[in-house]
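Every chain is numbered from 1 and lettered A, B, ... according to where its sequence line falls, protein lines coming before strand lines. Predicted model, so just to flag it, every value in this text is computed and none were measured. Every heavy atom of this structure was used, including side-chain atoms; hydrogens, water molecules and symmetry mates were not.
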There are 2 protein chains.
Amino acid sequence: MISKRCKYAIKAILYIARHQDQKRPIFSTEIAEKESIPKKFLEGILRDLRNHSILISQRGRNGGYTLHRPTSEINLIEIIRIMDGPIALQPCVSLKYYAPCEECISEKDCVIRKVFIQVRDTTLDIFKNATIERLTSDYGEGNTAE
Amino acid sequence: MISKRCKYAIKAILYIARHQDQKRPIFSTEIAEKESIPKKFLEGILRDLRNHSILISQRGRNGGYTLHRPTSEINLIEIIRIMDGPIALQPCVSLKYYAPCEECISEKDCVIRKVFIQVRDTTLDIFKNATIERLTSDYGEGNTAE
DNA sequence: TAATATTATATCAAGTTAGTAGGATTAATA
DNA sequence: TATTAATCCTACTAACTTGATATAATATTA
């Protein structure tokens, strides 16, 4: 399962993306209220996203958050990795967080490893294509009301 | 990530499958030693698999475990579900363990839900095809030694 | 009846998750 | 310059999960 932290992160980014035309930073308070996310919890998430160059933060009065990059250059893979770590179902098949399985003698001969590699690759492919741009444009389909 | 419990379960079933031609139940001790699984921990796993009709257990002297069904009728999906619960990355897209997401207002309009459904379906498909029969036959490829 | 297997229940340490609390820092504005 | 309103930072916590271990009961058979 994806953690709530991660899902909140995705929702927050989508919210900022949908409101960035207003040319002003978005407050954490606003996101928290509109997306039903505990405010203090959200603040930590937003800071984390800023530290990973997904968001830019502006401090002080009238501060808030804006996207650090165009929506076409932010995808779900990156967000999930920042928030939850490995996407792979086994340490030995993780690309970004590789670790050998303790109890395995030969990785090459491990039959289940091949299956987990398949799952990793298809999952990665789907999440890579799920950019914020695509997600927000889908959002509009048959749904003009905010 | 798949839990160790689940991975141990898969390894244990594969071990039993590879040795079932001996027409005798396989001891938990033997599996534990050969697959480097803590014995007591493994016992709990094997009991769980028996309770879910994956294994048959025989008590007493010369007891042990055998498969409850042909290897073609046991796949990774079933094992993962027994051990770890939902495969889906969000409660709202789980087929066997569905639950609405607390903070979501409209499931239909949730853009990320669609992505998680895609991931679920491809993952399910791969694990469904990964039967014990296929896994054990792959095992033999270019590797005759036990 | 002794040996050997599974079964059952309880316990536990460490780590993770989903928060909360309280204040420090920064910047615009009245 | 004082106030206000935003982000930033650190620490803490309750509940849950994971990966085991311990002890003993029960069943089978040589």
Side-chain angles (χ1 to χ4, degrees), chain A residues 1-12 16 22 24-33 35-52 54-66 68 80 82-86 89-91 97 99 101-103, chain B residues 1-12 16 22 24-33 35-52 54-66 68 80 82-86 89-91 97 99 101-103:
Chain A
M1 286 270 176
I2 292 291
S3 69
K4 283 204 161 189
R5 222 180 117 75
C6 183
K7 197 177 180 190
Y8 289 159
I10 298 169
K11 293 214 157 190
I16 296 170
Q22 302 179 12
R24 57 148 184 104
I26 313 294
F27 310 138
S28 62
T29 310
E30 186 184 336
I31 304 171
E33 278 172 12
E35 298 291 340
S36 308
I37 303 170
K39 175 153 188 273
K40 278 289 188 182
F41 193 41
L42 176 64
E43 281 179 6
I45 294 166
L46 296 173
R47 224 175 312 128
D48 212 0
L49 291 170
R50 182 212 52 182
N51 290 339
H52 285 88
I54 303 283
L55 299 180
I56 294 168
S57 67
Q58 181 70 38
R59 298 182 70 165
R61 198 167 181 171
N62 300 331
Y65 300 88
T66 45
H68 188 280
I80 294 171
I82 290 168
M83 291 296 146
D84 286 359
L89 294 176
Q90 280 290 296
Y97 300 83
C101 296
E102 295 166 26
E103 76 287 357
Chain B
M1 287 269 174
I2 292 290
S3 69
K4 284 203 163 191
R5 222 180 119 75
C6 183
K7 198 176 179 191
Y8 290 160
I10 298 170
K11 293 215 157 189
I16 296 169
Q22 302 178 12
R24 57 148 182 103
I26 313 293
F27 309 138
S28 63
T29 310
E30 185 183 336
I31 304 171
E33 280 173 9
E35 299 291 340
S36 308
I37 303 170
K39 176 154 187 273
K40 278 291 182 183
F41 193 42
L42 176 63
E43 282 178 5
I45 294 166
L46 296 174
R47 223 174 313 127
D48 212 359
L49 291 171
R50 182 214 53 182
N51 291 337
H52 286 87
I54 303 284
L55 299 180
I56 294 168
S57 66
Q58 180 71 37
R59 298 180 70 160
R61 200 168 180 170
N62 300 332
Y65 300 89
T66 46
H68 188 278
I80 293 171
I82 291 168
M83 292 295 147
D84 286 0
L89 295 176
Q90 281 291 296
Y97 300 84
C101 296
E102 294 166 27
E103 76 288 357

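Here the P atom of nucleotide dA18(C) and the CE atom of M1(A) are 11 Å apart, to the nearest Å. Between the C1' atom of dC8(D) and the CG atom of L55(A) lies a distance of 14 Å, rounded to the nearest Å. For the pair R50(A) CZ and dA6(D) C1', the computed distance is 13 Å after rounding to whole Å. Rounded to an integer number of Å, the gap from E30(B) CD to dT6(C) C1' is 15 Å. Note: CG (N51(B)) to C1' (dT6(C)) measures 12 Å, nearest angstrom. As rounded to whole Å, 10 Å separates atom P of dT6(C) from atom CD1 of I16(B). Rounded to whole angstrom, the span from the OH atom of Y65(A) across to the P atom of dA5(D) amounts to 17 Å. When rounded to the nearest whole Å, the span between CG of L49(A) and P of dT7(D) equals 13 Å.
How far CD1 of I26(A) is from OG1 of T66(A): 8.5 Å, rounded to the nearest 0.5 Å. The CD1 atom of I54(B) sits 10.0 Å away from atom CG of D48(B), with the distance rounded to the nearest 0.5 Å. With rounding to the nearest 0.5 angstrom, the CD1 atom of I45(A) is 11.0 Å from the OG atom of S28(A). Note that SG of C6(B) and CD of Q90(A) are 8.0 Å apart. Values are rounded to the nearest 0.5 Å. With rounding to the nearest 0.5 angstrom, the CD atom of E30(B) is 9.5 Å from the CD1 atom of I16(B). Separating the CG atom in L42(A) from the CG atom in L49(A) is a distance of 9.0 Å, to the nearest 0.5 Å.
Considering all non-hydrogen atoms of both residues, I2(B) and K7(B) come closest at CG2-N, 4.2 Å. Between C101(A) and P91(A), the closest heavy-atom pair is SG-CG, 4.2 Å. Residues A12(A) and L46(A) come closest through the heavy atom pair CB-CD2, 4.0 Å. What you find for S57(A) and Y65(A) is that their closest heavy atoms are CB-CE2, 3.6 Å.
Each of K11(A), R5(A), K4(A) was evaluated against Y8(A); a single residue qualifies, K4(A), per the side chain to side chain contact (heavy atoms under 4.5 Å, CB included) test.
An end-to-end axis angle of 10° holds for the helix from dT1(C)-dA30(D) to dA30(C)-dT1(D), taken from five base pairs per end and rounded to 10°.
Using a distance-only test at 3.5 Å, with no hydrogens or angles considered, a donor-acceptor pair links the side chain of D84(B) to the main chain of S3(B).
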Polar atom pairs between nucleotides 27-30 of chain C and protein, under 3.5 Å, N or O only, would you list them?
from, atom 1, to, atom 2, distance (Å)
dA28(C), O3', N62(A), ND2, 3.4

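Close to dT18(D), at under 4.0 Å from its OP1 or OP2, lies no side-chain N or O of Y8(B). S57(A) has no side-chain polar atom (N or O) that falls below the 4.0 Å cut-off from OP1 or OP2 of dT7(D). At least one side-chain nitrogen or oxygen of S28(B) sits closer than 4.0 Å to the OP1 or OP2 atom of dT6(C). Distances shorter than 4.0 Å separate none of the side-chain N or O atoms of R5(B) from OP1 or OP2 on dT17(D).
Within residues 35-48 of chain A, the residues approaching DNA chain D are K40(A), E43(A), R47(A), by heavy-atom distance under 4.0 Å.
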